[in-house]
Amino acid sequence: MNTNWNFENSYLTLPKIFYSNTQPENFKNLKVILKNKSLLEFLNIEESKFETLLINSMNNKNINYFSQAYAGHQFGYFTILGDGRATLLGEHINKKNQRFDIQLKGSGKTPYSRNGDGKGTLKSMIREYIISEAMHNLNISTTRSLAILKTGEKIFRTSFEQGGILVRVAKSHIRVGTFQLASLSKEKKDVEDLLEYSIKRLYPDISKNNDRYLKFFEKIAESQINLIVEWQRIGFIHGVMNTDNMSISGETIDYGPCAFMDEYNPNKKFSSIDHNGRYAFNNQPRIAFWNLARLAETFLHLIDENQDKAIKKIEKILKLYEKKYHELWMSMMRDKININNFNKNDENLIKELLDLMHVFKMDYTNTFCDIENNVIQKHDFMKGWYEKLKERRKLNNNKKTINKNINPKIVPRNHIVEKVLNEVEKGEYNNLDSFIINLKSPYKNDKPNEFVREPNEEEKVHETFCGT
Ligand code: AMP
Ligand code: MG
């Protein structure tokens with residue numbers, strides 16, 4: 001185990017338009033209140049020395065901190081953005097030679113802060129910690145959370161709240177929006193430099209290909225469809241799928257007003273700012289493709305000198321991946337109800353199930369657990385469908401064993417997350433700790449009822465906020 005970082009900031013080899021040198025604010029009373037032991041181990045950082053290392057590095061004027069510049073379509077409208085409240089401490093390389101951005105979120109103003117204060121509330125930072133780590137344990141690609149710091153100061157949102165910093169770990173923070181920024185540059189080479197850099201860093205296996213830019217696009221399309229199928233599997237609604245919140249590493253990034261569905265509704269949205277349901281549950285795949293098209297636009301001219309040919313090549317990939325998305329989604333849904341092989345009626349069976357779940361407002365997580373446990377027929381309105389499922393299962397190829405890591409028994413339900421965060425604000429950490437422990441093994445059946453039961457009417461959370 002190391003007592004120091006192993007930083008090597010490759011991102012700083014990019015042209016200056018992609019970042020600014022910044023520094024975390026000098027907070028006087030920093031304290032680590034949550035740390036991720038297994039992630040520290042994975043990064044080869046000594047746990048007992050971590051708090052000192054982190055706080056010292058935040059106050060070390062010799063470190064080359066930086067914030068990243070990017071642009072993005074926010075709810076369809078193009079804007080210039082950047083890390084308004086995040087500073088990159090550095091790119092840490094672990095003993096397996098894997099490179100990770102270590103980023104401080106909520107560490108103070110940067111040149112990209114616009115009118116914001118560059119801070120985060122302790123509650124919203126812990127919210128990201130809980131949910132991103134839950135996603136990781138659900139086997140879904142995501143940025144990780146290494147630690148939470150209390151800044152010791154109060155910041156004003158709708159009232160005064162404690163300030164917090166999240167130490168976030170990512171394969172990279174390059175977004176579709178980073179490419180959109182590059183494409184605005186007068187220097188034509190900026191897009192090319194960003195492409196070459198991204199390929200070398202994230203998809204090195206294609207770096208020697210002559211058609212690597214097209215392959216790069218294909219890789220990202222593939223990683224995005226895999227990701228969205230996974231979100232749909234567990235009922236996750238990201239809430240702000242703006243192009244600046246879509247990482248080209250295929251990691252789920254920027255947990256804002258995200259939420260897990262309780263009762264199933266394909267049009268479900270939680271975010272208070274998503275008035276038209278642009279980022280509603282069933283729109284997520286469509287938006288991913290919209291974002292992919294925005295990415296392709298930034299380097300079309302490098303795919304083929306002939307624009308028409310370039311567009312055709314991109315369209316071909318988008319069409320192919322739309323088809324692949326559907327196949328992957330079907331295969332995931334088959335797994336969820338424990339049927340396998342292909343049967344032409346499966347789609348109807350699955351659609352009928354989802355319609356019933358919608359009409360009868362059934363809980364997304366628990367319904368699939370009931371199907372898995374063959375107790376779904378406890379509801380009279382599910383008896384007919386269950387008979388059809390039993391018939392269909394007779395066609396199963398028994399070689400395939402049940403996929404045990406498909407239907408989570410626990411997800412971070414909104415009402416529990418809120419309850420736990422409100423307790424933390426009062427200085428009570430017991431439920432937070434036990435919630436995090438239970439979320440570590442989401443496919444195990446040993447969960448306390450209070451964490452897995454459906455919320456009653458008063459407990460239901462109907463709206464989530466960016467909560468910056
Ligand atoms: P998000 O929707 O969280 O991805 O944020 C959108 C943009 O707003 C990003 O550029 C953030 O860096 C910026 N931002 C969010 N909160 C703050 C804040 N408190 N101060 C400054 N910038 C912020
Ligand atoms: Mg963002």
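Screening R413, H415, K419 for a side chain to side chain contact (heavy atoms under 4.5 Å, CB included) with V461, the sole residue that qualifies is H415.
Ion pairing between R233 and E230 holds under the 4.0 Å rule for side-chain N and carboxylate O. Taking a cutoff of 4.0 Å between a charged side-chain nitrogen and a carboxylate oxygen, D346 and R392 qualify as a salt bridge. Ion pair K351/E347 flagged as a salt bridge, since at least one NZ, NE, NH1 or NH2 atom sits closer than 4.0 Å to an Asp/Glu carboxylate oxygen. Using a 4.0 Å cut-off between charged side-chain N and carboxylate O, D211 and K215 make a salt bridge. Electrostatic pairing of K123 and E418 does not count as a salt bridge here, judged by no charged N lying under 4.0 Å from a carboxylate O. Salt-bridge check for D446 with K409: failed, with every basic side-chain N at 4.0 Å or more from each acidic carboxylate O. Taking 4.0 Å as the cut-off between side-chain N and carboxylate O, K460 and E457 count as a salt-bridged pair. A salt bridge links D254 and R175; the closest N-O separation between the charged side-chain nitrogens and carboxylate oxygens is under 4.0 Å. Salt bridge annotation for K324-E222: absent, with no cationic side-chain nitrogen under 4.0 angstrom from a carboxylate oxygen. A salt bridge does not link K269 with E463: none of the charged nitrogens is closer than 4.0 Å to a carboxylate oxygen. Under 4.0 Å is where a charged nitrogen must lie from a carboxylate oxygen, and between D205 and R212 no such pair does. Classification of E128 and K105 as a salt-bridged pair holds, one side-chain N sitting under 4.0 Å from a carboxylate O. Residues E297 and R294 are paired through a salt bridge, judged by an N-O separation under 4.0 Å between the basic side chain and the carboxylate. Taking the charged nitrogens against the carboxylate oxygens, K323 and E327 do have a contact shorter than 4.0 Å, which makes a salt bridge.
Between Y279 and S271, the side chains place no donor N or O within less than 3.5 Å of an acceptor N or O (distance only, hydrogens not considered). Between the side chains of N407 and K336, at least one donor N or O sits under 3.5 Å from an acceptor N or O. In summary, the side chains of T22 and S67 do present a donor paired with an acceptor at a separation below 3.5 Å, with no hydrogens or angles considered. Between H73 and N242, the side chains place no donor N or O within less than 3.5 Å of an acceptor N or O (distance only, hydrogens not considered). There is a side-chain donor-acceptor pair under 3.5 Å between N283 and R286. Defined by atom type and a distance below 3.5 Å, a donor-acceptor pair is present between the side-chain atoms of N374 and Y386. The closest side-chain donor-acceptor pair between S10 and E91 falls under 3.5 angstrom. For the residue pair T142 and S132, no side-chain donor N or O sits within less than 3.5 Å of a side-chain acceptor on the partner. Q180 and T243 form a side-chain donor-acceptor contact under 3.5 Å, judged by distance and modelled atom types alone.
Using cut-offs of 30° and 60° on the angle between ring planes, the pair F451 and F435 is tilted. Using a 30° and 60° split on the angle between ring planes, Y364 and F368 fall in the perpendicular class, above 60°. The aromatic rings of F179 and F216 sit tilted, their planes meeting at an angle between 30° and 60°.
With sequence neighbours excluded, the residues satisfying side-chain hydrogen bond (donor to acceptor under 3.5 Å, both in side chains) with K447 are S441. For the ring-ring contact (aromatic ring centres under 6.0 Å, His included) test, residues two or more places apart in sequence or in another chain that qualify with F260 are F236. Among residues two or more places apart in sequence or in another chain, the side-chain hydrogen bond (donor to acceptor under 3.5 Å, both in side chains) test is passed with Y129 by none.
Using a 4.5 Å heavy-atom threshold, the side chains of N36 and F42 count as separate.
Across all non-hydrogen atoms, the minimal contact from I406 to E372 is CG2-OE1, 4.3 Å. Across every non-hydrogen atom of Y203 and I248, the tightest pair is OH-O, 2.7 Å.
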Q: With side-chain contact (heavy atoms from CB on, under 4.5 Å) as the test, would you mind laying out the steps for D190 and L14 before giving the verdict?
A: CA-CA 8 Å; D190 286 346; L14 281 169; over 6 Å; no
Q: Any chance you could lay out the salt bridge (charged side-chain N to carboxylate O under 4.0 Å, His left out) test for D304 and K313, step after step, and finish with the verdict?
A: CA-CA 9 Å; D304 199 306; K313 286 180 187 173; 2.9 Å; yes
Q) Are N340 and R334 close enough, and set up right, to give a side-chain contact (heavy atoms from CB on, under 4.5 Å), and what steps lead you there? A) CA-CA 6 Å; N340 55 48; R334 276 195 194 95; 5.7 Å; no
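Note that the CD1 atom of I225 and the CD atom of E322 stand 10.0 Å from one another [nearest 0.5 Å].
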